[in-house]
Amino acid sequence: MKKKLTINTVKIDEVPVADLVEMIDDWELQIILGAQPLTRDVDVMLDNMLEYFVEEELYNYACVVRDEIQKRKPL
């Protein structure tokens with residue numbers, strides 16, 4: 001059973017990626033990631049998250065992270 005938190009109480013940089021799946025749904029991750037600042041640190045975090053989700057075969061979460069990475073790329 002997932003531990004439910006409200007979206008605005010999750011600090012994405014303070015939660016281990018492995019625990020995110022237990023805490024939030026993929027659509028909630030999409031909202032949280034969309035609110036993150038456009039910084040290099042967040043970009044690195046997203047790359048690491050994508051790698052983890054693909055390795056663990058959590059493809060719904062991986063797609064959310066991939067989409068956020070694509071949105072952040074300059075035109």
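In this text, all values refer to a predicted model and were calculated from it rather than measured experimentally.
Here the CD1-CD1 distance, from Ile24 to Ile32, works out to 4.0 Å after rounding to the nearest 0.5 Å. The CE atom of Met23 lies 10.0 Å from the CD atom of Glu28; values are rounded to the nearest 0.5 Å.
Under the 4.5 Å side-chain criterion, counting only non-hydrogen atoms from C-beta, Val17 is not in contact with Asn48. Counting heavy atoms from C-beta on, the side chains of Asn60 and Asp25 never come closer than 4.5 Å. The side-chain heavy atoms of Ile12 and Met45, taken from C-beta on, include a pair separated by under 4.5 Å. Under the 4.5 Å side-chain criterion, counting only non-hydrogen atoms from C-beta, Tyr61 is not in contact with Val54.
Each of Leu20, Asp26, Val21, Val65 was checked for a side chain to side chain contact (heavy atoms under 4.5 Å, CB included) with Leu58, and the lone residue meeting it is Val21.
Lys71 is linked by a side chain to side chain contact (heavy atoms under 4.5 Å, CB included) to Glu68, counting only residues two or more places apart in sequence or in another chain. Remark: Pro16 engages Asp19 in a side chain to side chain contact (heavy atoms under 4.5 Å, CB included) (not counting sequence neighbours).
Residues in residues 43-65 take part in these salt bridge (Lys or Arg N to Asp or Glu O under 4.0 Å) pairs, two or more places apart or across chains: Asp43-Arg72.
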